[in-house]
Amino acid sequence: MIEIWEPPDSPCLTKLLQIIEDRYGFKPWPHAVFDVSQSDKYFGVQRLRTFSKKEIDDAEYLCYSPLGSVGHAAFREEGLFERDQYIVQNFKKLKKPVDIGLLQPFHGIAVTTGMKELWEEQNLIGLDLSKEVIGSLGNLWGFGSSIILPRSLTRLVNGQGRDVDPDVWKVTTIHGGTEEHLFDDGCRPYILRYKREEITRLEPFDVAGIYEFTGNHKHGAYRGSIVSQRFSQVLKELGVKRSYYVPVALE
């Protein structure tokens, strides 16, 4: 793996890519997920973004994810997917408790009963912690929202980089399962973009679910979460650490 810290339009980067193509015959793969069957002609690329504290603080809304884990998710069958109900397998309380975290290896979020009670006292608009995570023995609750945003302007693509309908899950040819990924010109993290007037119609809110489910297949697909600055402030006041935010763009 090679790390290069250059902007996309950097003459240095352009020259380097040309040298790789001329000398080795490889071009950068243009899509979100690398097709290993094309590895004789292409190499995978990740365009990494970073955000300053000011960019995070100035954003009206943020895409949110915790960095810790609260349990291991089990595949959820059709009915659970339709209800967006979470399920864990072989649940055990962690030796070092985390109050909010991911249901790994997926990106569904759950909170402990203690955190649920604290958050419900904050009256965060849109926050829905009413669904117990199946298999957690009453210890975990799905992090959700009563507010679902309209479709994002950010592209949703399959493994081949083709645009897909977020309401239709299709089988792809790379891994044999369904794959849907938000794609922002190959950059990670991607930026969710919305029409400002569509978001204004839903305000005020502190937590909202995005319209799109993303993941490798239906059994492991989840919605992302958009939060307000008030939400991030509440997390600070409650002493919740290891939170990851990406600014949301309103156009």
Side-chain angles (χ1 to χ4, degrees), residues 7-8 31-33 46-68 84 86 100-103 106-111 115 119 122-129 142-158 161 163-167 179-215 221-238 240-251:
H31 305 309
V33 179
Q46 287 190 6
R47 300 176 181 174
L48 302 181
R49 279 191 176 111
T50 58
F51 300 98
S52 66
K53 182 178 184 301
K54 186 177 187 306
E55 288 176 308
I56 297 294
D57 292 342
D58 287 349
E60 294 180 56
Y61 293 101
L62 302 161
C63 188
Y64 163 72
S65 178
L67 295 176
D84 203 15
Y86 299 174
I100 176 169
L102 299 172
L103 295 174
F106 308 121
H107 56 272
I109 303 172
V111 306
M115 180 55 66
W119 270 0
Q122 303 297 321
N123 296 317
L124 290 163
I125 301 172
L127 180 62
D128 182 0
L129 302 174
F143 179 86
S145 176
S146 58
I147 298 170
I148 303 300
L149 299 180
R151 294 185 182 188
S152 171
L153 300 175
T154 305
R155 292 174 60 198
L156 187 69
V157 302
N158 63 16
D163 291 280
V164 296
D165 186 330
D167 294 322
E179 300 173 16
E180 294 190 356
H181 307 267
L182 286 157
F183 180 72
D184 184 13
D185 195 28
C187 295
R188 296 189 179 183
Y190 55 78
I191 293 177
L192 286 169
R193 294 177 167 84
Y194 295 93
K195 293 180 180 179
R196 179 178 291 278
E197 59 268 24
E198 290 184 338
I199 300 301
T200 300
R201 286 197 290 267
L202 296 171
E203 293 175 328
F205 63 84
D206 295 305
V207 181
I210 72 171
Y211 185 86
E212 299 83 358
F213 283 85
T214 58
Y222 295 82
R223 294 186 194 274
S225 298
I226 300 300
V227 301
S228 68
Q229 290 289 347
R230 178 171 176 256
F231 175 92
S232 65
Q233 185 59 40
V234 167
L235 257 63
K236 290 179 184 177
E237 293 171 357
L238 294 177
V240 177
K241 300 179 180 179
R242 303 191 69 202
S243 298
Y244 184 67
Y245 298 107
V246 175
V248 172
L250 302 182
E251 302 177 359

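Along the sequence shown, residues carry numbers from 1.
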*Going through the checks in order, is the side-chain contact (heavy atoms from CB on, under 4.5 Å) test met by Ile191 and Arg49?*
CA-CA 10 Å; Ile191 293 177; Arg49 279 191 176 111; 3.7 Å; yes

*With side-chain contact (heavy atoms from CB on, under 4.5 Å) as the test, would you mind laying out the steps for Ile226 and Ile210 before giving the verdict?*
CA-CA 7 Å; Ile226 300 300; Ile210 72 171; 3.7 Å; yes

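Listed by chain and residue number, Ser228, Arg230 satisfy the side chain to side chain donor-acceptor pair (under 3.5 Å) test with Asp206 (two or more places apart in sequence, or in another chain). Listed by chain and residue number, nothing satisfies the side chain to side chain donor-acceptor pair (under 3.5 Å) test with Arg223 (two or more places apart in sequence, or in another chain).
Side-chain N or O atoms of Ser152 include none that pairs as donor or acceptor with a backbone N or O of Tyr211 at under 3.5 Å. Judged by distance alone, with hydrogens and angles left aside, the side-chain atoms of Glu251 form no donor-acceptor pair with the main-chain N or O of Arg193 at under 3.5 Å. Between the side chain of Gln229 and the main chain of Ala59, a donor-acceptor pair closer than 3.5 Å is present. A donor-acceptor pair is defined here as one N or O able to donate and one able to accept, closer than 3.5 Å; such a pair exists between the side chain of Ser145 and the backbone of Val207.
When side chains are defined from C-beta on, Met115 counts as touching Val240, because their heavy atoms get closer than 4.5 Å. Between Leu127 and Phe143 there is a side-chain heavy-atom pair separated by less than 4.5 Å. Here the side chains of Leu238 and Gln122 are in contact, with some heavy-atom distance below 4.5 Å. With a 4.5 Å cut-off on side-chain heavy atoms, Thr214 and Leu156 count as touching. For the pair Pro166/Arg151, a side-chain contact is recorded, criterion being any heavy-atom separation below 4.5 Å from C-beta on. Residues Asp84 and Phe213 are in side-chain contact: their nearest non-hydrogen atoms beyond the backbone lie under 4.5 Å apart. The closest side-chain heavy-atom distance from Ile199 to Leu149 is below 4.5 Å.
Here the straight-line distance linking atom OH of Tyr190 with atom CZ of Arg155 works out to 14.5 Å at 0.5 Å rounding. Separating the CG atom in Leu192 from the CG atom in Leu153 is a distance of 10.0 Å, to the nearest 0.5 Å. Note that CH2 of Trp119 is 3.0 Å distant from CD1 of Ile100, once rounded to the nearest 0.5 Å. A distance of 5.5 Å separates CZ in Phe231 from OH in Tyr245, rounded to the nearest 0.5 Å. Considering CD1 of Ile109 and CG of Leu129, their distance stands at 11.0 Å, rounded to 0.5 Å. To the nearest 0.5 Å, the span separating OG1 on Thr200 from NZ on Lys195 amounts to 13.0 Å.
For the residue pair Ser243 and Leu235, the shortest heavy atom distance occurs at OG-CD2, 3.3 Å. Leu67 and Tyr244 get closest at one heavy-atom pair: CD2-CB, 3.8 Å. Considering all non-hydrogen atoms of both residues, Arg242 and Gly68 come closest at NH1-CA, 4.0 Å. Here the shortest heavy-atom pairing between Leu62 and Pro247 reads CD2-CA, 3.9 Å. The minimum heavy-atom distance linking Asp128 with Ser146 is given by the pair CB-N, 4.0 Å.
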Tell me which donor-acceptor pairs under 3.5 Å the side chains of residues 50-58 have, and how far apart each pair is, sequence neighbours excluded?
from: Ser52; atom 1: OG; to: Glu55; atom 2: N; distance (Å): 3.1
from: Ser52; atom 1: OG; to: Glu55; atom 2: OE1; distance (Å): 3.4
from: Lys53; atom 1: NZ; to: Asp57; atom 2: OD2; distance (Å): 2.6
from: Lys54; atom 1: NZ; to: Asp58; atom 2: OD2; distance (Å): 2.6
from: Glu55; atom 1: OE1; to: Ser52; atom 2: N; distance (Å): 2.8

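The aromatic rings of Tyr61 and Phe205 sit parallel to each other, their planes meeting at less than 30°, with 60° as the upper class boundary.
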